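Read through the structure below, which is laid out as structure tokens, and then see the notes.
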2 protein chains.
Amino acid sequence: MVETGVRTRTRQAILDAAVVVLSRDSSASLSEVAREAGVGRTTLHRYFAERSDLVHAIGTLTLERIAVATDRAKLEVGPAREAIVRLCREYFELLGDVLSLVFTDPQFSSGLDWHEESDSDLELLALVQRGHRDGSIDRELTPEWVQQALWALLYAAWAFVRECGVSRHEALGQCLRSLDRMLHPVGERAG
Amino acid sequence: MVETGVRTRTRQAILDAAVVVLSRDSSASLSEVAREAGVGRTTLHRYFAERSDLVHAIGTLTLERIAVATDRAKLEVGPAREAIVRLCREYFELLGDVLSLVFTDPQFSSGLDWHEESDSDLELLALVQRGHRDGSIDRELTPEWVQQALWALLYAAWAFVRECGVSRHEALGQCLRSLDRMLHPVGERAG
DNA sequence: CTGAAACGGAACAGTCGTGTTCCACTACCG
DNA sequence: CGGTAGTGGAACACGACTGTTCCGTTTCAG
């Protein structure tokens, strides 16, 4: 049974719609997701038998995107602080609405590898430690906190776009500048 | 009909329990809230006839706390950047779990003055503008973004406590330092 | 002791989301 | 033309949560 083009497209449409709807209201009904996707509720159930299957698929999709973004950012290149800013930019581009879901709602983060420290998480923590050594990141900020703050600022940037009607480019600019300044060691001139 | 001490205490217990339970899962049932409060579901309905009444009460409570925190921070005193950091500290102390609710869930922010720019919001925006004038805040960061970022970092700090088991004091320290560094104008020595 | 206040539990009807089944429709390929 | 893949809609049973009513219990002040 080959996965035809039609099936792939329908599946993707449902997945996209789910992200849009559930990021607005994580307890939205499957009917709303189906309507957003422009398909019948029956069809939705053909692709994702249970709600948890849909949620799980979104989680997996997100993990994949995070891995891709981490890869693209080439964390090993250049000063650690610049690498983190690059990573933040990649996250912003790839994660969009998915972010608010995984960031805020417990149902998406549970039941996955997630929290058991994915590879990307570990890479980020190691990167901050490198920044401590090479002097590009404020030594008083712990790696775990930098991680938290990175995600929080990303979330803020997307909320900025959504709620304040700011352009993506503008929001990303403010976000990256804030992150860079935040990590910058105290008592040195800015780059 | 005097509001006896008993009634006040019961009402407060329910409200506190609601914050705890709903901040874990905003779609939790009222039975769970009642159980957390150590109260029968019937009693809960005596104080908050409908779910929306409970939600609304939490919203009002939060607005009050924000107003108190804004007042305590004495925003008019000293350089704007220091005032914002003071404000952040007050928010952290007063808002606790409530934060994750109002910050992430649409149901709590809708149906209130909220977003229609409460007084505290306006004060914060004006404060950032003052910071632009007195040179204590990076002029490239817009007031609206600073507002977003402030809330996001606060949320991150509480998540840091919850998920990473860090002490409140430690989390607050990282948060305030990050905020201060973020707002700091480029090209000047740190204070 | 008496009565009011506050409470908890059981029970009920109503609503809503879910997951499933069945059937009819369309598009397309051979 | 006939068959298949993909779909949408109607209908159903089931469970969960909600809001309400009723009744028995506890507590405490007068």
Side-chain angles (χ1 to χ4, degrees), chain A residues 1-61 100-101 104-108 110-111, chain B residues 1-61 101 104-108 110-112:
Chain A
M1 168 79 75
V2 185
E3 188 77 345
T4 91
V6 181
R7 284 195 64 86
T8 306
R9 236 178 305 121
T10 305
R11 183 188 156 89
Q12 195 59 45
I14 294 176
L15 222 39
D16 291 344
V19 170
V20 170
V21 170
L22 295 181
S23 67
R24 274 201 301 264
D25 174 12
S26 62
S27 65
S29 71
L30 295 184
S31 306
E32 297 182 56
V33 174
R35 196 180 325 125
E36 173 76 24
V39 302
R41 196 167 64 91
T42 310
T43 300
L44 191 151
H45 274 99
R46 278 197 194 96
Y47 287 82
F48 304 95
E50 301 183 2
R51 179 183 247 268
S52 63
D53 294 329
L54 184 56
V55 168
H56 191 273
I58 292 179
T60 302
L61 174 75
S100 16
L101 279 185
T104 62
D105 221 280
Q107 55 177 318
F108 294 93
S110 64
Chain B
M1 168 79 71
V2 184
E3 187 77 347
T4 92
V6 181
R7 283 194 65 85
T8 306
R9 236 177 304 122
T10 304
R11 183 189 156 90
Q12 195 57 45
I14 294 176
L15 222 38
D16 291 343
V19 169
V20 170
V21 171
L22 295 181
S23 67
R24 274 201 301 262
D25 174 13
S26 62
S27 65
S29 72
L30 295 184
S31 306
E32 296 183 58
V33 174
R35 195 180 325 124
E36 173 77 24
V39 146
R41 194 167 66 91
T42 310
T43 301
L44 190 152
H45 274 99
R46 278 196 194 96
Y47 287 82
F48 305 95
E50 301 183 2
R51 178 184 246 269
S52 63
D53 294 328
L54 184 58
V55 169
H56 191 272
I58 291 179
T60 303
L61 174 76
L101 279 184
T104 61
D105 221 280
Q107 56 177 318
F108 294 93
S110 64
L112 285 173

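On a predicted model such as this, the values are computed, not experimentally measured, just so you know. Letters A, B, ... mirror the listed sequences (proteins, then strands); counts begin at 1. Note that these values count all heavy atoms, side chains included, but never hydrogens, waters or copies made by symmetry.
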- prompt: Checking A:Thr60 side chain against A:His56 main chain: does a donor-acceptor pair fall under 3.5 Å?
  reply: yes
message: Quick check for you: to the nearest 0.5 Å, what is the distance between B:Arg41 atom CZ and B:Ser31 atom OG?
response: 5.0 Å
Write out a two-atom table: protein N or O, nucleotide N or O from nucleotides 28-30 of chain C, distance below 3.5 Å.
none

message: Regarding D:dG8, can its base be found pairing with the side chain of A:Arg46 as donor and acceptor, where the two atoms are less than 3.5 Å apart?
response: yes
message: Between B:Val33 and B:Glu36, is there a side-chain heavy-atom distance shorter than 4.5 Å?
response: no
message: Side chain of A:His45, heavy atoms from C-beta onward: which of D:dT20, C:dT18, D:dG6 has the nearest atom to it?
response: C:dT18
field: Side-chain touch A:Thr42/A:His45, heavy atoms, less than 4.5 angstrom
entry: no
task: Starting from C1' on D:dG19, measure out to CG on B:Leu54 and report it in whole angstrom.
output: 14 Å
task: Kindly say if B:Thr43 contacts the phosphate of C:dG8, meaning a side-chain N or O under 4.0 Å from OP1 or OP2.
output: yes
- prompt: Which heavy atom of A:Phe48 sits nearest a heavy atom of A:Arg11, and at what distance?
  reply: CE2-NH1, 3.6 Å
Non-neighbouring partners of A:Thr10 that pass side chain to side chain donor-acceptor pair (under 3.5 Å), sequence neighbours left out: none
task: Rounded off to whole Å, could you give me the CD-to-P distance for the A:Glu50 and C:dG19 pair?
output: 5 Å
- request: Mind checking side chain to side chain donor-acceptor pair (under 3.5 Å) for B:Asp53 and listing every partner two or more places apart, or none if nothing turns up?
  value: none
statement: Scanning both residues in full, the closest heavy-atom pair of B:Leu30 with B:Leu44 reads O-CD1, 3.8 Å
message: In whole Å, I'd like the distance from the CZ atom of A:Phe48 to the P atom of C:dG19.
response: 13 Å
- line: Rounded to whole Å, CZ of B:Arg11 lies from C1' of C:dA6 at a distance of 16 Å
query: What integer distance in Å separates A:Leu44:CG from D:dG9:P?
result: 13 Å
- request: Please list, by residue number, the residues of residues 17-41 of chain B whose heavy atoms come closer than 4.0 Å to an atom of DNA chain D; answer none if no residue qualifies.
  value: B:Ser29, B:Leu30, B:Arg41
Nucleotides 28-30 of chain D: which of its N/O atoms have a protein N/O under 3.5 Å away?
none

Ignoring hydrogens and angles, write down the donor-acceptor pairs under 3.5 Å from the side chains of residues 15-25 of chain B, residues two or more places apart or on other chains.
residue: B:Asp16; atom: OD1; partner: B:Gln12; partner atom: NE2; Å: 3.2
residue: B:Ser23; atom: OG; partner: B:Val19; partner atom: O; Å: 2.9
residue: B:Ser23; atom: OG; partner: B:Val20; partner atom: O; Å: 2.9
residue: B:Ser23; atom: OG; partner: B:Arg162; partner atom: NH2; Å: 2.9
residue: B:Asp25; atom: OD1; partner: B:Ser27; partner atom: N; Å: 3.0
residue: B:Asp25; atom: OD1; partner: B:Ser27; partner atom: OG; Å: 3.0

- request: Apply the test side-chain contact (heavy atoms from CB on, under 4.5 Å) to residues B:Arg51 and B:Gln107: give CA-CA distance (whole Å), side-chain angles for both, the deciding distance (0.1 Å), then the verdict.
  value: CA-CA 11 Å; B:Arg51 178 184 246 269; B:Gln107 56 177 318; 4.2 Å; yes
- prompt: Could you give the distance from CG (A:Leu61) to CG (A:Leu101), rounded to the nearest 0.5 Å?
  reply: 10.5 Å
Selected nucleotide, minimal atom distance to A:Tyr47 side chain, candidates C:dT18, D:dT7, C:dC7: D:dT7
Atom-to-atom span, CZ of A:Arg7 to C1' of D:dG6 - whole angstrom: 8 Å
message: Should the side chain of A:Thr42 and the base of D:dG9 be counted as holding a donor-acceptor pair, with the cut-off at 3.5 Å?
response: yes
